[in-house]
Amino acid sequence: MSSTKKYKGFTTKAVHIGQDPDPVTGAVIPPIHATSTYIQEELGVPGEYVYSRSGNPTRRNLEANLAALENADHAVAFASGTAAIDACLRFLGPDDHVVCSEAVYGGTYRLFEQVLRRASGIDFTYVNTSDLDATEAVWTEQTRMLFIETPTNPLMQLTDIAAAADLAQRTGALLVVDNTFMSPYLQRPLNYGAHLVLHSTTKFLNGHSDSIGGVVCTNREDLATRLEFIAKSAGATLSPFEAWLIQRGVKTMALRMERSQETTKRLVAVLGDHPAVQHVYYPGLEDHPDHALAKRQMSGFGAMLSFDLADFDAAKILLDALEVMVLAESLGGVETLISHPASMTHASIPENVRRERGIGDGLVRISVGIEDADDLVADLEQALARLV
Ligand SMILES: Cc1ncc(COP(=O)(O)O)c(C=O)c1O
């Protein structure tokens with residue numbers, strides 16, 4: 001691959017790194033290497049690639065690209081964001097302890113509680129990691145990992161990544177940051193000392209709601225080598241076709257994020273002015289408790305927001321009335337996706353735990369897409385009008 005030093009800006013990197021034209025045909029877009037295996041020219045002299053579970057050129061191109069965007073030396077792609085999280089946890093074993101943000105994605109909680117606790121004997125404690133004293137208070141001699149999402153899904157609480165990295169560093173624990181909500185365009189946790197940064201590429205990176213994937217980025221060679229080993233041994237690697245799709249999406253991510261963020265500001269304003277809306281959760285709001293931190297560690301406030309309506313019935317009236325926004329799980333697509341966390345993304349969290357964490361039945365989450373802002377504002381206004 002040619003030198004990447006000339007690619008300085010974020011989108012220049014997104015468009016070019018790992019995307020050298022095909023040397024055989026001159027095709028500007030590298031082909032999808034749909035192959036399971038690779039010829040060995042001579043016995044005992046394998047080439048760079050041997051078998052696609054352990055290495056594939058299309059996946060390798062994406063990994064080079066995503067590493068550059070996260071300011072990482074290494075990236076390893078997985079078949080889903082969940083597989084990427086699972087791979088990070090495979091650094092640990094029985095009796096190891098993980099401190100985890102209490103409002104993580106419901107599937108992360110399910111993986112930790114219903115699979116890993118039982119299968120691997122790993123112990124988990126959930127805490128509001130926005131409060132670093134409380135986080136330190138649950139630390140034990142066995143704590144080997146701090147796992148955070150910032151902002152959290154769906155309540156948009158932030159954790160100070162540099163302070164969290166410092167806490168982990170002091171005890172030799174790994175800091176893992178799920179950066180899915182922000183994308184590397186708006187937040188780069190490795191710059192603040194995180195050891196492992198992961199994404200569900202399914203969301204903003206791919207951006208078109210048409211693939212599932214995940215990636216883990218790191219600057220530590222030992223962690224990267226182990227991650228590659230875990231990927232090939234456990235087998236949850238990303239297919240070449242998905243890698244190609246994700247790469248195509250990544251090229252326009254900065255443009256999509258800018259557009260979505262602008263529209264988000266308008267939707268936040270509409271919600272903030274409406275009598276049926278009890279609270280809006282968005283780190284761009286000056287009265288958000290982590291607004292100052294958001295300005296410091298993120299380069300934009302993102303395209304995710306949540307808000308509280310009175311109860312489930314109010315949420316249902318609103319969600320059923322929308323005509324442009326799409327009622328669906330997931331986030332980060334070109335289309336605006338709206339969801340009801342309590343019954344959708346966070347349904348796998350027991351009701352009492354969910355309520356304790358502030359995810360009520362009236363909570364609604366929006367992932368703002370790239371449609372025309374006027375259409376989205378009009379759609380939201382007409383749906384909100386049914387609540388008064
Ligand atoms: C913040 C976050 N992390 C991880 C995941 C899991 O990713 P995937 O669905 O690609 O397995 C999700 C999925 O919604 C998510 O929202």
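What's counted below: heavy atoms across the whole structure, side chains too, no hydrogens, waters or symmetry copies.
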Undergrad: For residues S330 and K203, is any side-chain donor paired with an opposing acceptor at under 3.5 Å?
TA: yes

Undergrad: Where do H195 and Q169 land on the side-chain hydrogen bond (donor to acceptor under 3.5 Å, both in side chains) test, with the steps shown first?
TA: CA-CA 9 Å; H195 302 101; Q169 196 71 34; 2.9 Å; yes

Undergrad: I need the single residue from P31, S239, P240 that forms a side-chain contact (heavy atoms from CB on, under 4.5 Å) with T58. Which is it?
TA: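 Single pass found, and it is P240.
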
Undergrad: Taking the inter-plane angle between the rings of H16 and Y7 on a 0 to 90° scale, is it parallel (under 30°), tilted (30 to 60°) or perpendicular (over 60°)?
TA: parallel

Undergrad: So does D86 pair up with R90, basic N to acidic O under 4.0 Å?
TA: yes

Undergrad: Can you name the one residue among L198, L175, L174 that meets side-chain contact (heavy atoms from CB on, under 4.5 Å) with F147?
TA: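 The residue from L198, L175, L174 that satisfies side-chain contact (heavy atoms from CB on, under 4.5 Å) with F147 turns out to be L198.
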
Undergrad: Do R60 and E63 sit within salt-bridge range, that is, some charged N less than 4.0 Å from a carboxylate O?
TA: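 Looking at R60 and E63, the cut-off is met.
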
Undergrad: Closer than 4.0 angstrom, basic N to acidic O: yes or no for D320 and R386?
TA: no

Undergrad: Does a donor on one side chain and an acceptor on the other come within less than 3.5 Å for Q187 and N179?
TA: yes

Undergrad: Is it true that R110 and E113 have a side-chain N and a carboxylate O under 4.0 angstrom from each other?
TA: no

Undergrad: I want to check something: taking the side chain as every heavy atom from C-beta on, are F78 and L238 in contact at a cut-off of under 4.5 Å?
TA: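 No. Closest side-chain heavy atoms not under 4.5 Å.
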
Undergrad: Under the criterion side-chain hydrogen bond (donor to acceptor under 3.5 Å, both in side chains), I'd like the reasoning laid out for E70 against H199: C-alpha separation, chi angles, the key distance, then a yes or no.
TA: CA-CA 10 Å; E70 268 297 352; H199 289 271; 2.6 Å; yes

Undergrad: One thing to verify: whether R144 and D95 come together as a salt bridge, which I'm taking to mean a side-chain N less than 4.0 angstrom from a carboxylate O.
TA: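 Salt bridge between D95 and R144, a charged N being under 4.0 Å from a carboxylate O: no.
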
Undergrad: Looking only at the side chains, is there a donor atom on one of Y51 and N56 sitting less than 3.5 Å from an acceptor on the other?
TA: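 The answer is no; no qualifying pair exists.
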
Undergrad: Should P283 and L158 count as side-chain neighbours, where that means a heavy-atom distance under 4.5 Å?
TA: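 Touching, per the 4.5 Å side-chain cut-off.
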
Undergrad: Which residue pairs pass the ring-ring contact (aromatic ring centres under 6.0 Å, His included) test with at least one member in residues 335-357, sequence neighbours excluded?
TA: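 Counting only pairs at least two positions apart or across chains, the ring-ring contact (aromatic ring centres under 6.0 Å, His included) contacts touching residues 335-357 are F312-H340.
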
